[in-house]
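Shown next, in structure tokens, is the structure this report addresses.
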Amino acid sequence: MKPALHNFQNKKRQFLMIVAASKPFQEIKQMLSGFKKVCVLGCGSCVTICHTGGEKQVAELAAQIRLAAKLEGRQVEVLEDSTLRQCEWEFIDDIKEIIKDCDAVLSIACGVGVQYMAERFPRIRIFPGVNTTFMGGPTEQGIFWERCAGCGNCILATTGGLCPVSRCAKSLMNGPCGGSQNGKCEVSQETPCVWNQIYDQLDTQQLLATMETIVPPKDWTTGMENHPRKMVIEHLVMKK
Amino acid sequence: MTDNKSGSNLEKLLRSGKFAVTAELGPPRGADRSVIEKKASILKGYGDAFNITDCQTAVVRMSSIAAGRIVLDAGVEPIIQMTCRDRNRIAIQSDLLGAAALGAKNLLCLTGDHQKFGDHPMAKGVFDMDSINLIHMVKTLRDEKKFQSGQELKASEPRFFIGAAENPFADPFKFRAIRLAKKITAGADFIQTQIIYNVPKFKEWMKMVADMGLHEKAFILAGVAPLKSAGMAKHMKHNVPGMDVPDEVMNRMTTASAAKKGKEEGIKICLEVIEQVREIKGVAGVHIMAVEWEEAVPEIVQQARLYPRPAV
Amino acid sequence: MANLYTKSDKKINEEAPCILACPIRQDARDYVQLIARGRFSEAYRLVRERNPLPSACGRICTHPCETKCRRNSTEAPIAIAWLKRFLGDNFSEETRKNFTEKYPEKIAIIGAGPAGLAAANDLALLGYSCTIFESNPTPGGMLRMGVPTYRLPRTAIDNDVEFIKKLGAEIKYNTTLGADITFDSLKKEGFSAIFISVGLLESRTLNIEGVNLEGVLKGVSFLHEVNTAGNAKIGKNVLVIGGGAVAMDCARTALRLKPDKVSVACLESRKEMPTTDFEIEETIHEGAILYNSVGPKRIIGKNGKVSGLETLKVKYVFDEQKRFNPAFYEGSESVIEADTIILAIGQASNLSFLKGQEGIQVTRGGTIIVNPHTFSTAVHGIYAGGDVVLGRGTMTECMAQGKKAAISIHNALRNATLKDEKWAEKPAVPDIAAPKIALIKKEQKQDMPTMPSDKRLDNFEEVELGFSLNTAVKEAQRCMNCGAGAFVDDNLCVGCLTCVRICPFEVPKIKKGDTTAYIDGDCQSCGLCIVECPAKAISFKTPLEDRGKDSLEAIFKDKYIQGVKPLIINFYCQYSAYKEEKERATDNLLVFHFRRIGVLGLGKVDPSLYLKAFELGAHGLLITACKDDECHFCKEKEWVEKRTKYTTQILSGLGMDARRFQIQFVSSQNGKEIIDIAFKMVEELRNSSI
Ligand SMILES: Cc1cc2nc3c(=O)[nH]c(=O)nc-3n(C[C@H](O)[C@H](O)[C@H](O)COP(=O)(O)OP(=O)(O)OC[C@H]3O[C@@H](n4cnc5c(N)ncnc54)[C@H](O)[C@@H]3O)c2cc1C
Ligand code: SF4
Ligand code: SF4
Ligand code: SF4
Ligand code: SF4
């Protein structure tokens, strides 16, 4: 029998990969100073889920921008809108009409979305409203942790499914280092030592022997230091 | 553990079965070589080799390799420390070739303190590899004449007496001896431990180490350090990662500090630790970390009856 | 407010059980919610929209709504009926002024009881001119003839009837069908349809020895006499036979005529009695003696006058098939002495006017047979409803039939398909899930103030005195707004789980296999999730809840606001904040500088709204929230704190003077404290350079 799985057929899907933090408002204010008509543009995907780029945030930022202008005796018109995903040409094309006479767009999508906008609308100034921070998820309400660094060469198979690349302060391949104490990372008492977690996980799985083998230095060819990276799915590519 | 791999004094001494003494010599935060020379003159004769730290606690200091050469010039044998924090594998290998060419023979391989603790927390930490990878890379260069990439080293190879650090007080405790084994397997010839204040726990660890026969595969130098005051003890206990300062030591330092006898008590405790650890099976020497207090070293070495140092 | 358009959720389309339980589908929840917000006139108008007799209904309705109220699970139902009475007593007004005759057809209605009045009301609203023909010189039917005045003062009928008349319905009194008018005469006068709502005016009688003795009275006649003439002839020792509501009314009415003793004898055991506990208790409380499980064998007399009732002990009232089929213990005879016996064992119809209308079918019990959907009799153009169809219903059941008949008459005359959406079948919001009961704060039901019992028997004045404004609001604020709380727009939800995690009542769920959240009927309408949903996917179904937005905008539409400096907006929690005297005092003293926005729970307010208030021109914002233990939702303080802190940070980032945004946790009962805080704030801002 098929195990009881969530059946998402015909249902809307959601995403959370990218976690972004709101930029300090001072910085936003500075970026937007001098513009008379601004659109705050949210994105309905990852950044909505992490509460920094969704409809609610759009409304809140727009209110802040208006209030800031009022307090300084400036006039500024602030439009509010959102896209399903700012990282799709088709979806951002939809908002062309809305932003066409804006002087500037404050995109609170992740860095990908901001760039899609910048590439699609070269005449309009596009500003980032968030600091795209990491790939991760909420571990509890309001708390987000990094979980993957996009190293392009996943090693979770040997680490009990827990990533030392993104979660170990020093990305050790042979941890934990001598700073691991009481399950906490030497870098911060708030950070769990992932190598300690890996140890426990492998212990549970009776795979502690894995920890005895020396893991060679990671091959970073696919990693973040070799950007820009590109992925091609041959059979999906359409002939020009 | 007989053939000498590096030709270093420390290696010779350890291989001859003598109880070794190493100590720390921190390079200055400046370009003034006289500071090093002065430290070297204080320490000269009170140890067999001296660790030249590599931007310890991620604070910018003179290069450990350059400082090592100055120390060598002053007639003292350096142990060059090398961390993975600031260099990728290209830079590390390059520097090691240089260090060897400058006469360095001992190398302590470390992952390095996180940049967050230092004076440039905004710096990008490199961590291209970890200490175990570094140890293995150095060994491969020396023993297999191969670069990390696998390419052959066609000219002469750097020959180091390879050291590693281990912290018996870190968690998970049970894994600490295993991790030491990994370092030894990777190529470590000698080990310098984290500073010991909790001797019973160290003993427990050493027992695991000895049971695994690791003391026969590498020389284990027990780390010690004199405390200066109750304040320093407190700092060590709470702010230095992986440090285990038992309450008894804390109390002694508090009482002594109150009586303005902190330094004396610190040295006394240090000597007691040395007395105890030298009795433990598998301990091949001590490593004295008198951070920015090099003057304490001669006193400790003398009082511990480890002076004069034997010649080999 | 013509109609409340409560949004519906695609996934669950449940209606509040109180609304579904009501025969006329009164918007119980919504008027209660309006009262909770202090919006009394709107509440009255909403009630009146469906209910032509609010004041009477609020007093004597058997309130099935309360029986079904979901608050039964936490402690006690909302006093839905009493709240309606509160509206009727204090806020009644003509809701529509002019009758516009839209259609030429005239409708005749026989009988000005609840059924006839409701039919007339709704037909007039539809645009028909209608005439009620009533035998009596006064309106109300059994409400006037039967229901005692201490339960229902007649003004509570008359005022509402006046409004119905003003809508365009005419009432011809002292006109009896069968005597003064006939079906034929009506037709000749040009009436296109006739609605018969003549009720059940006769009392049933017993088929036992002695019923014709002097001193044996019929219940309805007895009440009618007392109610119209003000007295009736009774002796010193009165015995009422019957265990229903009418029997209780007879006993309590008799008590007010000051005999030496009043007792009630009925077949049923105390538990089986076909009336509410409340009625029985009041009857006993006022001094009547209750004989349960006794059956009348014969009435004993002396000199042609009653002297007592011989009774038998009851074995059972209902047989195994649960049919009414009483059985007695043989030889268990005993006598209850009495010089007056009132028979209150049921009513019967008087259908003498049907002579010559054999087409209209009648049951053996004497009720008229109608099509249950159209209320049409077998004779074209003749409809019937109310007690005469139901065979003893309640006033709301009768009104419901009158209302349904009105639509049906319209549809027949116009060949139309008008439907009242409120009658649509919907599932009821289920009872509160057991584990949630503990999460919901117990809120004590408000007591109805009553006349002291030692004063009651001296007169026929109303016993229940009615809610004060404060009591009414407090009572209404207990309502959980069932079925009209938060709901998720599937198209917007991104499944972030925020609502699922933060709801203090653990209501939102993302069900297995779903990708979006869903909120069931246990929602308490605290609004926390609505504010926190990053996708703005959640909103209230009820249109009554603006979360402060509309109120804020309304303030700035006021042109007198311009010169006010400093202008301070006070967002306050309405829960238990309604203190009429204090509220007014607060308002009067601060009227110049302060504008107040009350919200049922500040957890509904989005920090963006605070920013908006400044943007619109407020000089200061004062947030007054309840102290911890006073929170209706138990946990809002934490959220109010977090959000105001967040807002403070934003505002200080914008360089705003910290004194312009203040938050105080004060007991909302404490008007004085709030005034002090407010004055201080006015002074602070006046002296600063804002
Ligand atoms: C004592 C008592 C107490 C009650 N208490 C409650 C209570 O607490 N709550 C509740 O919900 N219900 C109560 N009821 C029931 C409720 O009063 C009735 O169900 C309701 O009034 C019936 O409404 P109706 O319009 O069908 O008829 P009725 O109210 O009986 O009205 C019929 C009207 O038609 C008139 N009429 C009759 N024949 C003719 C004719 N031939 N021509 C012209 N006019 C005619 C009558 O004069 C009367 O005015 C009580 C009833 C009684 C007797
Ligand atoms: S190993 Fe690489 S791909 Fe896998 S989780 Fe870690 S960073 Fe991501
Ligand atoms: S709590 Fe309110 S909405 Fe719910 S059933 Fe009771 S009266 Fe109706
Ligand atoms: S908070 Fe909003 S977006 Fe998130 S699960 Fe709930 S309804 Fe969906
Ligand atoms: S409104 Fe309040 S009670 Fe209702 S689902 Fe949202 S958080 Fe829960």
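Order of the sequence lines fixes the chain letters, A, B, ..., with proteins taken first and strands second; residue numbering starts at 1 for each chain. All values reported here derive from a predicted model rather than from experimental measurement. Heavy-atom basis, side chains included; hydrogens, waters and symmetry copies ignored.
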- Query: Is chain C contacted by the side chain of A/Q26, its backbone, both, or neither, given a heavy-atom distance below 4.5 Å?
  - Reply: side chain
- Task: Would you mind checking which part of C/Y610 comes under 4.5 Å of any heavy atom in chain A, side chain (CB onward), backbone (N, CA, C, O), both or neither?
- Result: neither
- Query: Just how far is it from atom OG1 of C/T647 to atom CD of A/E60, taken to the nearest 0.5 Å?
  - Reply: 7.5 Å
- Query: Got a second to check how far C/E615's CD is from A/I65's CD1, nearest 0.5 Å?
  - Reply: 11.0 Å
- Message: Please give me the minimum heavy-atom distance between C/S608 and A/A63, naming the atom from each residue.
- Response: O-CB, 4.4 Å
- Message: Rounded at 0.5 Å granularity, tell me how far CZ in A/F25 sits from CD1 in C/I650.
- Response: 9.0 Å
- Message: Between A/Q57 and C/P534 (side chain of the first, backbone of the second, donor and acceptor by atom type, cut-off under 3.5 Å), is there such a pair?
- Response: no
- State the CD-SG distance between A/E55 and C/C533, to the nearest 0.5 angstrom. 9.0 Å
- Message: Need one label for C/V531: side chain, backbone, both or neither, based on atoms under 4.5 Å from any heavy atom in chain A.
- Response: both
- Query: So which of C/G655, C/G653, C/A535 has the largest heavy-atom pair count under 4.5 angstrom toward chain A?
  - Reply: C/A535
- Task: Kindly state each residue pair satisfying salt bridge (charged side-chain N to carboxylate O under 4.0 Å, His left out) with at least one member in residues 21-31 of chain A, sequence neighbours excluded.
- Result: A/K23-A/E27, A/K29-A/E72
- Message: Please check if the number of heavy atoms outside C/K549 that lie under 6.0 Å from its NZ is greater than 12.
- Response: no
- Item | Heavy-atom proximity to chain A below 4.5 Å, by part of C/L651 | side chain
- Query: Do you know which two heavy atoms are closest between C/G617 and A/K70, and how far apart they sit?
  - Reply: CA-NZ, 3.9 Å
